[in-house]
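Naming convention: chains lettered A, B, ... in sequence-line order (proteins, then strands); numbering from 1 in each chain.
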Protein chains: 2
Amino acid sequence: MLADRLGLHVSTVSRVLHAKPDESHRAASSATVERVRRLADELGYRPNPHATSLRTQRSNLIGVLVPRLSDIVLATIYEGIEEAAGEHGLSTFVTNTRDVPDFQRARTDMVLARRVDGMIFGDAYIDAGFLGEVAARGVPFVLVSRRAGDYPSVTCDDYLGGRMVGEHLLSLGHRDVAVVAGEPYASTGIDRSAGFADAYAEAGIEIPAHRFTHSRFDARGGHEATERLLAAGDPPSAIFAVNDFAAIGAFGAVRDHGLRVGADVAVAGFNDTPLAAELPVPLTTVRSPMHEMGRRGLELLARLLQGEEVSSERLRPELMVRASTTAVLT
Amino acid sequence: MLADRLGLHVSTVSRVLHAKPDESHRAASSATVERVRRLADELGYRPNPHATSLRTQRSNLIGVLVPRLSDIVLATIYEGIEEAAGEHGLSTFVTNTRDVPDFQRARTDMVLARRVDGMIFGDAYIDAGFLGEVAARGVPFVLVSRRAGDYPSVTCDDYLGGRMVGEHLLSLGHRDVAVVAGEPYASTGIDRSAGFADAYAEAGIEIPAHRFTHSRFDARGGHEATERLLAAGDPPSAIFAVNDFAAIGAFGAVRDHGLRVGADVAVAGFNDTPLAAELPVPLTTVRSPMHEMGRRGLELLARLLQGEEVSSERLRPELMVRASTTAVLT
DNA sequence: CTGAAAGCGCTTACAG
DNA sequence: CTGAAAGCGCTTACAG
């Protein structure tokens, strides 16, 4: 269509439009180059990506799977992915799997049916069984947020973050502590819990098994898990919830038991979501670089797609101390 | 490829695969139909969507623009959109515009370059100027969350929701109230504020202009806006923040002024996000059907794409009364 | 320096 | 009942 209006053959137009600035002389005469570029600009011409994909066997599309986009942590990671994708000329598809294996499988099939060039999983199970199948199909992919097996991943150094919280609570004199540990299949909760437990172990304190309880990652889940911890009538002096939403749920359960967060029971979270600092009792938490994690994840995948060797990255967390662990009175 | 293995022509295979169950006899003999279907199943065959799009001039792709996916309200709406899209055989692309007009334009261009069949805007400005341009280009679209002009939209009945909060606070005896009103370009904040003000006006109380202040829609923005309301040293007895996150920010500002939420200053929000009920002081708020809004938005667009006439929908809100407006003591 | 051809994987109207 | 052709909009290696 551009070609028609210029009286040129489409192949000439295509060559011009794809020439790198310094190689335009091999595409056409400078007068032709000039004419083509001007009209393309004027008309806002954009090549049909379906035709391009069909011809080049490359879609420049990336499929992203997350447990839930309504979890601000994953949404923020995805924002990083999308931002970096734009800079690499890639487009992204996201979809929710709710951590349900059947959905992970079905969504992966759907994404692959769209002929993506690669995938990013934000919902990896620690056992990596399903990822093995994906790898066997030859699909290039990376993980974000959670690690699994030896697949390339970009995560927060969750173990270190857990240690930081442990050391912080130890320094405040808490000896009887509990952990709202998240889902058993997610490396985030596993590593954060382990780092926390190790900090205590090194101080000579073994946290008993009944002080650990799994939980969903949302507020409701944190509430229920904390309820289980408090039901015995022997409350710990501090609770580490492995993410901020679970910590907010812990706030609710502590409140329901007539206890005050900060004064009676210290509560710490993980992620430093934007709400943490604004809560009526500001939440002590570990800042994890969520947006950056998404960016790096996309870049790792981009390098993988170029055929480069890549290795996993672990980003540095930072402890944010606030009133939920330090308030004497709320 | 299927065709090769079956010794059939691709056109035959294509016909079989596209025949409706009751018309398969017009596609091929029942034996052939059976063979094609069996092998397609076995191989997990999925037609290349780029080829199909190119041929049919329909991409079955929908572009979705939102201010930010890390806003749980929009993320939840998008989940509804995506869910319904799956049921209609459509795929969706989302992208963030941060409510910045230049980004709205750039992202729209990008989405259109991908040859989507239609768009859903979750980031409409009330003046609808930009949407006019999009309409002029002949792109089918609907709005969700915010209304604008006469374009088809699916929203919460925000005006009614605002009235509900007004009537609730009136019934509690609050006469000096303030509003954290959100961004001036968003119909959500505008309509919620108007409903609230009208409830007061009908009770004979004109809320003075200095008791309204605009704000971003996040916690930080709500904090800053409430700070402005409280700076004069003459605090209102109740504050209506037009969304939950701004309300949580209001919590922070109230706290910083040595006042207690619920006891000294009543605070109400909007949306009933999952956190509202879990806060140390549970938040009174208006439940808006976010997921449903997304579903209906997609369905409205699907009907529009079928060439049907469509009209806007307004979903019913529900008041959730909690301690942030009723606690005598926190 | 530019054009013409082939072909990516489909769908559809037509022929036999 | 099935095949063959045309064509969607591109890109690329080749010819002239």
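Screening residues 62-96 of chain A for ring pair (Phe, Tyr, Trp, His ring centres under 6.0 Å), with sequence neighbours left out, gives A:Phe93-B:Phe93.
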What N/O pairs connect the protein and nucleotides 12-16 of chain C at under 3.5 Å? Give each pair on its own line.
residue, atom, partner, partner atom, Å
C:dT12, O4', B:Arg55, NH2, 3.4

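At a threshold of 4.0 angstrom between heavy atoms, the contacts of B:Ser53 with the nucleic acid are absent.
In this structure, B:Arg114 places its CZ atom 14 Å from C1' of D:dC10, rounding to the nearest Å. Here D:dC1 presents its C1' atom at 16 Å from CG of B:Leu6, a figure rounded to the nearest Å. Across the protein-nucleic acid pair, B:Arg58 atom CZ and C:dG9 atom P stand 24 Å apart, rounded to whole Å. If you measure from atom CZ of B:Arg46 to atom P of C:dC10, you get 12 Å, rounded to the nearest angstrom. Here the C1' atom of nucleotide C:dC8 and the CG atom of A:Leu54 are 4 Å apart, to the nearest Å. One interatomic measurement links the two molecules: CZ of A:Arg115 to C1' of C:dG9, which rounds to 9 Å at whole-angstrom precision. Residue A:Glu34 contributes atom CD, which lies 13 Å from atom P of C:dT2 at whole-angstrom precision. One can place CG of A:Asn48 at 14 Å from C1' of C:dG9, the figure rounded to the nearest angstrom.
Among residues two or more places apart in sequence or in another chain, the side chain to side chain contact (heavy atoms under 4.5 Å, CB included) test is passed with A:Glu308 by A:Arg303, A:Gln306. For B:Phe141, the ring pair (Phe, Tyr, Trp, His ring centres under 6.0 Å) test picks out B:Phe121, B:Tyr151, with sequence neighbours left out. Not counting sequence neighbours, B:Arg115 has no partner by the side chain to side chain donor-acceptor pair (under 3.5 Å) test. Taking A:Thr12 as the reference, nothing meets the side chain to side chain donor-acceptor pair (under 3.5 Å) condition, with sequence neighbours excluded. When the side chain to side chain donor-acceptor pair (under 3.5 Å) test is applied to B:Arg146, the partners found at least two apart in sequence or on another chain are B:Asp99. Residues passing the side chain to side chain donor-acceptor pair (under 3.5 Å) test with A:Thr56, sequence neighbours excluded: none.
Using a 4.5 Å cut-off on side-chain heavy atoms (C-beta onward), A:Arg37 and A:Val16 make contact.
DNA chain C forms stems at C:1-3 with D:14-16, C:5-12 with D:5-12, C:14-16 with D:1-3, each a run of 3 or more consecutive Watson-Crick or G-U wobble pairs whose two key distances fall under 3.5 Å.
Residue B:Gln57 places at least one side-chain N or O under 4.0 Å from the OP1 or OP2 atom of D:dG9. At D:dG9, none of the side-chain N or O atoms of A:Tyr45 fall inside 4.0 Å of OP1 or OP2 (strictly under the cut-off).
Minimum interatomic distance between A:Ser288 and A:Asn271 (heavy atoms only, all atoms of both residues): OG-ND2, 2.8 Å.
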